[in-house]
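Numbered from 1 within each chain, the chains take letters A, B, ... in sequence-line order.
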Amino acid sequence: MVKDSSSMAPRLTDFCFPDAPEEDKYSVCVHCGFCLEVCPTYQAWGDENHSPRGRVFLIKSCAEGELPLDESVIDPVFTCLDCRACETVCPSGVQVGALVEEARGQVFHARRERGDTNALMRLFLRGVFPRPGRLKAIRRLMRFYQKSGLQTLARSTGVMRVLPPQVREMEDVIPEIDAGPAIDVLPPVMAPKGERKATAALFTGCVMDVFFSDVNKATARVMVRNGVEVQVPRDQICCGALQVHAGDRDMAREMARKNIEVFEQAGADYIAINAAGCGAALKEYPELFHDDPAWHERAVQFSARVRDISQLLVEVGFDPPKAELPMSITYHDACHLCHAQKIRREPRSILTSVPGVDLREMPDSDRCCGSAGIYNLTHPVMAGELLERKMDDVPQGVDAIVMGNPGCMMQIRLGVKKRNQQLRVMHTVEVLDLAYQREETP
Amino acid sequence: MPLQSKPHPADTAEHLANVIGLHHVRIVPACTLHMHESSQDVCLAEPSSEEEVLAVLAYARDHGLSLLPCGAGRLLAYGPPAEAPDIWLSLRRMNRVVSLSQGDLIVSVEPGLTMSELTSTLTSAGLMLPYDPPAPADATLGGLLSAGVSGPRRALYGSLRDMAISLRVALLDGRVIRTGAKVVKNVAGYDMTKLFIGAWGTLGVITEITLKLRPLPMHRETVLAAGTLDALGSFRERIVQSALQPSRLEVVWQGETDKTQDWVLAVDCDEHERSAKAQTQILESMAHDLGLTVETLEQHAADTWWADHAGAISDRMVCIRLQGPPTKLFSALAPVLDTIAALAEEPRNISATAGGITGVARIAFDPARALLDDPACWQKLRDVIAASALEMTVERAPTAIRAQCTTSPFVPGAAAVMQRLKQTFDPEHLLSPGRFLGGM
Amino acid sequence: MRDAHIDALVNIVGERRCLWNPNQVRAYACDGYTAESAIPRAVVFPESTDEVAQICRYLYEHSIPYLPRGAGTGLSGGATPTGGEVVLSLARMNRLLAVDFDHLRAIVQPGLVNLTLTRRVAHEDCYYAPDPSSQSVCTIGGNFAENAGGSHCLKYGVTTNHIVAAKVVLPDGSVIDVGAPFGDAPGYDLLGLLVGSEGTLGIATEITVRILKKPQALRTALAYFDRVADASDTVTDIIVEGIIPAAIEMMDQLAMQAVDKSNYHVGYPHDIEAVLLIEVDGLAAGVDEVMARVVELCRKHNVREVKVAQSDAERALWWSSRKMAFGAMGRLSPDYIVQDGVIPRTRLTEVLQKIEAISQRHGLRIANVFHAGDGNLHPLVLYDSRVPGEAERAVQAGSEVLRACVDAGGSITGEHGVGIEKIGEMAYMFSADELQVQRAVKACFDAKGIVNAGKLIPLPGRCVEVKHARDIIEDHWQILNSFPDQAEVQVRGARAHGAGAEHTTSVQG
């Protein structure tokens, strides 16, 4: 098969939309393959296409016009959990996550052009998450569903069976939703206890505040307890991580601009976040503005102030609790905390500072639990396998599994429920908060 | 095969004398080659260099003469029995140390150098080849390599195939090839060195061998624990499961009649003094727990014990080698020895040793007359060994016995590849007649 | 394209375990060596010896070229389908079949990852000794094919010393057992020949390996030397002294700079020429004495500073710093070529001077990372493919380094294998006769010459041809009509010339 000479000329790229994966990012990959064994999808299938190296190679081939943007590229790019485990082991520092997200952006554009989009996905990505009002409405609806007896009714009548099993499973483990989200309940400014060491604007997040607003409240309490003045900017919206993961980068940019403006106005020293996925997204805002120097600069300024709550507490210095909290726990490293943000030490130093807490490490604590944003809904089989492996690794006899991400908390609640175990699923700050509370009630 | 008849040995001798010198060619009776049944005369040629080897090979090839390379001839009693060749190619005169590098831990030698000659050269340089074959000390390196036999030190250091890194080989077609490289690590091309190890000289004539060495251990200490085979089996298990690193671990029979009693487990340690002492202490306390009596030998006393141990195996006419997992080996020893007692001329003079890590056992004895004449005598032994799921090889024996024992354990695919290899290197089957795949 | 042969493969492994769409097999175009790549005809994922045998039998019968592949981390292009081969990916054959702790043997499938084996036997204090830098990903099957080495082979040997038996599918699909779990197998040592044969003689589908008990104690030291010569004299002296350390690794200043920029920052001084990482192991009693002696020997050779690791974390950092060295080069230079020469260790200083001269002559930086105890050098030639001519100069410099190693009495490869990368240098190391004999051995296993052909041993006249081909490609970007059908050879060097895009040359056989 001799190609004629015309085919010798460099072909155009198959990424024809703006904000495409950049050459600087994929050309760093030296194809060493060190990433293969940490990749959950490669571990499961053994197929190079579904490995970090393979995905980078496909993205590169597509960028260079060697491959069309068809299922051979799209499928692998969307099976990625975006867990970033590959980035931790990569000796050359390839930003696989950013490349995959940019590639998804291309797919999103291409599909929209063809009018080929999933209506439900579109509704959530564009209709719900970017709009705090609608999100709160859903929250209220769910609370009503739980409180009114509808939940019990739905479960007993079997109406739930019309939902796909993965959604049904999740419905089952939704925590009890309390009266108000942190963003409404917490005062706009909370004065620190004692000397003011710093100011922090709390990013309440969407999923966190819908399902785990208690964690947000605990986060605010531990900051106040440790001399941090807490602000809760009312106009903030969802971080846009889900949009980035799904490839809807235009919407993500719009949401990022809004948040940057809101937090610029707040003017706090730090932007505190307790959801690993959102934290990583906020820190990566500059990735969204390659083609927009002005906003890029503002995004850089913004992300420089973002701290995971564990990072912030260690940075400003926190008081080790004085009260005893006799509890045996294990810690799960949320992907977006340990791989994306390189935060491993801080949560552990917080947990081990609590008198009475016995931290027992689980093997491969940094392997993805399968939650991965909405991956557990889009790829339930893979997510289920990962959850099984995660639950297998939980050491015998612990009282709680602790982590720093709401997505993981939901997923692991599901694992606990499936196995019918007596295990609490907690956020790192909840443990600290609980210990502080005990100080007050001897 | 050339159509004309083969030259008479005298003609061969005359021709070769012109090439390698009158003093180095003789006509000898084949019986000197452990071939008692042959009345044929053979031409013994003793080249002193690779060129001379090539000249002999060229003559053999051109005249369709078979050729048996050997060193001191010690290993002719081992392995598949050779048939009487037309030319007996003795490499005994090629016995130089070609090069020795202390810093690189590498030595290159000619194939006719004996193990004892090499050992004395290395010892004076503070080095050793950690290799203790069950063969006489005057066996040559070329012979040992071609036979591929290994001894107790295999437990820690591996066999000759782990030590030989490069060869020069003269091929029948007149080419000389180098295999491997004279460096400790090399993966360029096929690992051709391995092909010639244990090939019984059927593929080519080795003219130089390069070996990886070790520094002479700073201290040698051997612990001897005496007891029943069962107790020593438990002792073995504890040692293997510990962090100790014995360089040799053999259970040796020192009894006279009862095959379950009077065994000794010898544990050797090549280390510096402090580690060796610590190891000895651990061994002593383990042995104590098991109610075994212990004796510790150091330095020369240890060396002497192991030399005697090797001698006891290599001095007897017949040596049977068993292979398999050490625990199976240990439990098969008593019944096997009982069976062998019936085959031996003097049942008390049986030597037996089994490697607790290597999984290689050797039982040596002088055969009863009946054994030489009656193949049926072996059947019972085979049955006993087969029942233990071990592999048996008659490693050394008079030709008559080995001739009865050749079997073909190869699966067809492997045998076919081996046949093609033989065909490639020696299409006329001139080299080491009778020794290819046990005469297949 | 889907044809009757693909249907036959699908019949064996099923639709889901056979990739044949050209866009879907592209990820298998190369391994860890990226300078050349080619599209395979198909990729199949067998899960048992029987499936491998059926596939091989079918392909051999129909004279369809094929090759095996593990994790694809090889550094010499051994798994690159330059002949448009069908790739047998053994990644799914990754089970640990059996472990016998009583006799320290394990039977594994070829796709089992090296480090996974160690992890799976660690609860009994055992480990698998060969430890290539890629041990966290590379497979035992790949190690078998390449006869992989590692940092600890000075004391413990390379892969061939740890594999005792294997079940092997021969090119025609017949299945044979080679080697023996204990003692020696009768006949020729086919196992010895197969290990390191780079997948050209057969496919091992069950591998029996020795596992070892972990040493009771370890001591690791880091020694900074002002001069390379002092460091290399120290290495020689340690060995002459009668100490065989578990490992002795060396890095030069440039390599230190790279790893200090990576995630594993040690903080090496900026004005030393060499650092040695020395590890001794053995019984707890005595290991400190040996380390003390090593430290003394470092001092004797003017070491600036020598420190012994005080914690596991410190030891782990030093080792990570060393093991990530290749990848970390990305932080110094956009491209690099890694070489794998071996020399007698006593000639280290002399060869390093030659490498320095080569570096100067070509105006390219060369970083040196090596297993000093074995004399196994990994010079890393740094270049920037965007600068016209630099890629070619780097290839030339790399080749000269290998020649310097051969001239010093060494080898062109100690552990990475020949593959396609060093096939041109084979003729520098071996005579025409020696190469011909190796080809004859290949023919004994693979009479049709279709299993991973064109790797390891240059075909007659091929080494000249390959060199020539490269020259032509690099100079003229012309199509070369001497490769088999379907082969697409891409030369990365193209980027140095072209308008930024890689050029593809397709050729007809």
Side-chain angles (χ1 to χ4, degrees), chain B residues 101-106 126 148 158-159 161-162 175 177-178 181-192 194-195 197-199 214-216 218 237 240 243-245 271-272 274-275 278-279 321 323-327 358-360 391 393 409-411 413-414 417-418 420-421 424 437-438, chain C residues 102-103 146-147 149 153 157-158 160-161 170 174 176-177 180 182-184 186-190 192-193 195-197 213 215-216 236 239-240 242 282-283 285-286 289 342-346 374-376 409-415 417-418 426 429-430 433-434 437-438 440-441 444-445 456-457:
Chain B
S101 170
Q102 222 180 342
D104 293 313
L105 296 179
I106 280 176
S159 67
R161 85 193 271 284
D162 300 299
R175 297 186 292 186
I177 58 165
R178 295 162 307 157
K182 293 183 178 181
V183 279
V184 293
K185 228 167 142 188
N186 164 48
V187 295
Y190 294 125
D191 193 353
M192 298 282 288
K194 301 279 194 294
L195 191 51
I197 300 174
R214 286 269 166 169
L216 208 56
M218 295 176 241
E237 204 179 312
V240 172
L244 300 179
Q245 294 225 319
E271 268 289 2
H272 62 287
R274 179 115 192 268
S275 289
Q279 175 146 329
R321 189 175 84 210
Q323 291 180 175
T327 47
T358 60
V360 177
E391 284 170 41
T393 315
F410 307 99
V411 293
V417 173
M418 290 181 200
R420 287 197 289 273
L421 285 164
T424 300
L437 300 192
Chain C
D102 204 17
H103 302 117
E146 302 291 320
N147 190 10
C153 33
V158 296
T160 193
N161 310 117
L170 293 177
S174 53
I176 63 168
D177 288 302
F182 298 93
D184 298 293
Y188 297 140
D189 184 2
L190 299 185
L193 209 50
V195 175
S197 64
K213 279 278 166 184
Q216 206 173 41
T236 303
I239 284 160
V240 169
L283 288 180
E289 265 105 333
V342 194
I343 52 164
R345 74 173 79 75
T346 47
D374 306 311
N376 188 184
S411 166
I412 57 170
T413 174
E415 54 186 13
V418 174
M426 279 293 278
M429 180 162 166
F430 291 107
D433 283 349
E434 287 157 356
V437 171
Q438 295 190 47
V441 166
C444 292
F445 288 79
L456 184 70
I457 309 295

Quick check: closest heavy atoms across B/Ala188 and C/Ser411, and the distance to 0.1 Å?
CB-OG, 3.8 Å
Top residue by heavy-atom pair count (under 4.5 Å) with chain B, among C/Ile457, C/Ile176, C/Val158, C/Asp184?
C/Asp184
Under 4.5 Å to a heavy atom of chain C? For B/Thr327 that would be both
If you count heavy-atom pairs under 4.5 Å with chain B, which of C/Ser174, C/Ser197, C/Gly417, C/Gly196 comes out on top?
C/Ser197
Let me know if C/Gln438 has heavy atoms under 4.5 Å from chain B in its side chain, its backbone, both or neither.
both
Enter the distance from C/Thr160:OG1 to B/Lys194:NZ here, rounded to the nearest 0.5 Å.
4.0 Å
Most heavy-atom pairs under 4.5 Å with chain B, out of C/Val240, C/Asp433, C/Val441, belong to C/Asp433
Which is it for B/Ile197 and C/Asp189 under the side-chain contact (heavy atoms from CB on, under 4.5 Å) test, yes or no, and what are the steps along the way?
CA-CA 7 Å; B/Ile197 300 174; C/Asp189 184 2; 5.7 Å; no
Scored by heavy-atom pairs under 4.5 Å with chain C, the best of B/Gly413, B/Ser159, B/Pro325 is B/Pro325
Work out which heavy atom in C/Val195 is nearest to a heavy atom in B/Asp191; give both atom names and the distance.
O-CB, 4.3 Å
Selection from B/Ser101, B/Gly359, B/Gly324 maximising heavy-atom pairs under 4.5 Å formed with chain C:
B/Gly324
Chain C heavy atoms under 4.5 Å from B/Leu421: which part of the residue, side chain, backbone, both or neither?
both
Do you know which of B/Glu391, B/Glu237, B/Arg274, B/Lys182 has the most heavy-atom pairs under 4.5 Å to chain C?
B/Arg274
As an exercise, state the distance from NZ of B/Lys185 to CZ of C/Arg345, rounded to the nearest 0.5 Å.
11.0 Å
Against chain B, work out which of C/Ile343, C/Asp177, C/Leu190 has the most heavy-atom pairs shorter than 4.5 Å and name it.
C/Leu190
Side chain C/Glu434, main chain B/Ile177, donor-acceptor under 3.5 Å
no
Pick whichever of C/Val418, C/Ile412, C/Leu283 has the most heavy-atom pairs under 4.5 Å with chain B.
C/Leu283
Choice from B/Gln245, B/Arg161, B/Arg178 maximising heavy atom contacts with chain C below 4.5 Å
B/Arg178
Most heavy-atom pairs under 4.5 Å with chain C, out of B/Ala278, B/Gly103, B/Ala181, belong to B/Gly103
Ranking C/Gly409, C/Gly282, C/Gly192 by heavy-atom pairs under 4.5 Å to chain B gives rank one to C/Gly192
Measuring heavy-atom distances to chain B, does C/Asn376 have an atom under 4.5 Å in its side chain, in its backbone, in both, or in neither?
side chain
Give, as side chain, backbone, both or neither, the part of B/Val360 having an atom under 4.5 angstrom from any heavy atom of chain C.
side chain
Go through the atoms of C/Leu170 and report whether side chain, backbone, both or neither lie under 4.5 Å from a heavy atom of chain B.
side chain
Shortest non-hydrogen contact between C/Leu193 and B/Met192, atoms and distance:
CD1-CA, 4.3 Å
Where is the tightest heavy-atom contact between C/Gly242 and B/Pro215, given as atom of each residue plus distance?
CA-CB, 3.2 Å
Go through the atoms of C/Met429 and report whether side chain, backbone, both or neither lie under 4.5 Å from a heavy atom of chain B.
both
What are the two closest heavy atoms between B/Tyr190 and C/Leu456, and how far apart are they?
CE2-CD2, 3.2 Å
Rounded to the nearest 0.5 Å, the CG atom of B/Asn186 sits from the CG atom of C/Asp374 at a distance of 12.0 Å
Atom pair OG1/CD of C/Thr236 and B/Gln102 - distance to nearest 0.5 Å
11.0 Å
Check each atom of B/Leu244 against the heavy atoms of chain C and say whether the ones under 4.5 Å are side chain, backbone, both or neither.
both
Closest heavy-atom contact between C/Cys444 and B/Thr424?
SG-OG1, 3.1 Å
